[in-house]
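Encoded as structure tokens, the structure appears first; notes follow it.
Remember, it's 1-based here, ligands and their atoms both numbered in the order they're listed.
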Amino acid sequence: MTNTPTPPLTSRPAWRALAAHHEAIRDVHLRDLFAADPARGTRMTATGASIFLDYSKHRASPQTLELLFALARECQVEERRRAMFAGEKINITEGRAVLHTALRAPRDARIVVDGVNVVPLVHEVLDRMRTFTDQIRSGAWRGFTGKRIRNVVNIGIGGSDLGPEMAYRALAHYSQRDLTFRFVSNVDPTDFAEATRGLEPAETLFIVSSKTFTTLETMENANAARRWLLAAIGDEKAVASHFVAVSTNGPGVEKFGIDTANMFGFWEWVGGRYSMDSAIGLSTMLAIGAYAFGEMLGGFREMDEHFRTAPLEQNLPVIMALLGVWYTDFFGTQTAAILPYDQYLARFPAYLQQLIMESNGKSVTLSGARVTYATSPVIWGEPGTNGQHSFHQLLHQGTPLVPADFIGFLSPLNSNGRMYELLMANMFAQAAALAFGKTPEEVRAEGTAEALVPHRVFEGNRPSSVILAPRLTPATLGTLVALYEHMVFVQGVIWDIDSFDQWGVELGKTLAVSIARDLDPGVETPPERDSSTNGLIERFRAARDS
Ligand code: F6P
């Protein structure tokens with residue numbers, strides 16, 4: 001499928017101007033940018049939906065930003081944003097609307113897809129989720145033997161796992177602590193074994209989460225769960241009280257044996273990696289309750305409104321997206337770090353890996369041409385301060401340039417002495433050390449032996465954003481996730497790619513299914529593949545047979 005060709009990105013006037021401007025600014029040090037403009041640290045900030053962004057420690061001058069905003073306008077970011085919110089089919093390779101924003105639209109909103117207002121559908125599912133949540137949390141919903149549900153196991157992978165697990169961990173502070181939550185994703189049987197270890201089957205609810213309800217890993221784990229339950233309870237009828245499904249595929253759910261009355265639906269216009277606030281968030285709602293889940297949706301909505309209405313120059317997702325393009329395409333950076341200074345956000349980098357890389361890890365434009373510029377960087381990260389004692393060495397003194405996002409909260413959820421102040425001090429210190437470094441003169445002035453001076457110099461000029469929110473709440477989590485969702489969208493528009501398909505996952509899936517037939521016990525026929533894969537298959541068979 002193709003789309004009307006747009007002018008190649010690299011021939012746009014703003015792109016060319018940025019390339020020329022980069023020649024002039026690439027060696028300018030942040031120390032000099034700050035010295036030349038004492039107000040820089042307050043001027044290059046923006047606030048939206050209660051998120052504060054300090055982007056002053058980026059290798060960008062007012063002219064850089066002007067050109068980046070011009071690029072956004074030339075690439076029609078505003079028109080494309082309108083099209084997305086309006087439900088136009090901007091996922092052109094799948095012919096689908098992209099409407100995760102409808103998942104948090106207020107009840108009285110109207111968003112029409114193929115002649116149907118989807119907002120009432122969204123709220124109908126939310127209402128059913130609320131009723132179910134109240135039943136589980138109050139103990140009204142009982143397992144097959146009459147016991148109360150005490151354990152919830154979400155089975156899913158990719159967007160049907162990373163969002164729920166990230167959100168559960170992020171909002172653990174708000175969770176009902178007498179309910180145990182576990183998450184199973186991998187087809188590695190170890191994952192299921194460990195996730196169910198110690199759980200009482202009669203008290204366990206499985207949520208089988210899969211948009212398609214065909215994903216190999218999820219179906220295998222769901223079958224494993226049914227075997228595990230039935231081995232303990234021994235009556236097929238128990239499935240009805242211990243399994244619910246979240247999916248767009250009613251027939252698939254029914255075929256598996258889950259009553260569609262216990263199915264929570266969503267729609268093809270919600271991408272898997274954009275689905276944590278759909279019914280895919282059922283485990284989140286069970287953990288934090290319906291009210292707090294509503295607060296989370298409110299946070300998403302606030303950021304949607306900010307993104308939809310704020311001028312580009314004050315628009316957080318736009319600013320972050322453009323700076324990302326600046327580094328990826330002009331400085332040639334290949335990775336970007338996400339560094340939350342909050343232990344509750346331990347899985348946030350993993351969540352963003354899928355959101356960003358599955359969306360923008362593309363090399364073909366909307367019209368099917370090979371791109372001639374770089375698209376998504378590799379995303380990685382860990383919570384601070386832990387990362388400081390492992391990979392920050394490379395951030396400070398390594399050869400690659402790695403733009404980083406520091407994410408922190410102004411007030412803590414747990415206090416203990418001055419530990420929280422130390423956490424935040426470390427975050428501010430890292431951003432400053434990366435930006436300003438330490439000169440040879442400063443190192444010498446400390447009395448360092450000359451031979452050690454080069455080792456102790458920090459060249460600095462390493463860019464970062466600092467993202468601050470008042471406190472980690474369900475609403476704040478919603479705003480943060482929406483911030484990155486919209487950042488990804490803007491970058492996809494600039495790069496002229498389809499951010500909402502994922503054809504790159506297909507080949508491996510098909511090959512795995514076919515190779516699995518070669519690994520079936522009893523199959524002895526020599527594999528007819530490449531010599532490397534044949535060798536690996538033979539080695540696996542030999543080990544199994546011995
Ligand atoms: O294989 C990639 C992918 O399709 C992701 O995009 C998606 O989030 C994940 O698999 C799980 O898909 P499903 O929810 O359909 O099981």
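- One finds a salt bridge joining Glu165 and Arg169 here, because a Lys/Arg side-chain nitrogen approaches an Asp/Glu carboxylate oxygen to under 4.0 Å.
- Among all protein heavy atoms, the one lying closest to atom 11 (C) of ligand 1 is Ile157 O, 3.2 Å.
- In terms of protein heavy-atom proximity, atom 4 (O) of ligand 1 is closest to Lys509 NZ, 3.8 Å.
- Of all atoms in ligand 1, listed by their number and element, those nearer than 4.0 Å to a heavy atom of Ser210 are 13 (P), 14 (O), 15 (O), 16 (O).
- Atom 12 (O) of ligand 1 has as its closest protein heavy atom Thr215 OG1, 3.5 Å.
- For Glu506, the closest heavy-atom approach to ligand 1 does not fall below 4.0 Å.
- With hydrogens left out, the protein atom closest to atom 15 (O) of ligand 1 is Thr212 OG1, 2.7 Å, a heavy atom.
- Counting only heavy atoms of the protein, atom 6 (O) of ligand 1 lies nearest to Glu358 OE1, 2.8 Å.
- Here Arg197 pairs with Glu194 in a salt bridge; the nearest charged N to carboxylate O distance falls below 4.0 Å.
- Distances below 4.0 Å separate heavy atoms of Gln502 from the following atoms of ligand 1: 6 (O).
- Using bins of under 30°, 30° to 60° and over 60° for the plane-to-plane angle, the ring pair Phe256/Phe243 lands in the tilted bin.
- Screening Asp498, Asp501, Thr375 for a side-chain hydrogen bond (donor to acceptor under 3.5 Å, both in side chains) with Lys362, the sole residue that qualifies is Asp501.
- Of the charged side-chain nitrogens involved, none lies within less than 4.0 Å of a carboxylate oxygen, so that Lys89 and Glu268 do not count as a salt-bridged pair.
- Taking the side chain as every heavy atom from C-beta outward, Leu229 and Arg226 never approach each other to under 4.5 Å.
- Ion pairing between a basic and an acidic side chain is recognised when a charged N comes within 4.0 Å of a carboxylate O; Asp127 and Arg130 show such pairing.
- Inclusion of Gly159 in the set of residues having an N or O under 3.5 Å from an N or O of ligand 1 is warranted.
- Closest heavy-atom approach to atom 7 (C) of ligand 1 among the candidates Gln354, Arg273, Glu217, Lys211: Gln354.
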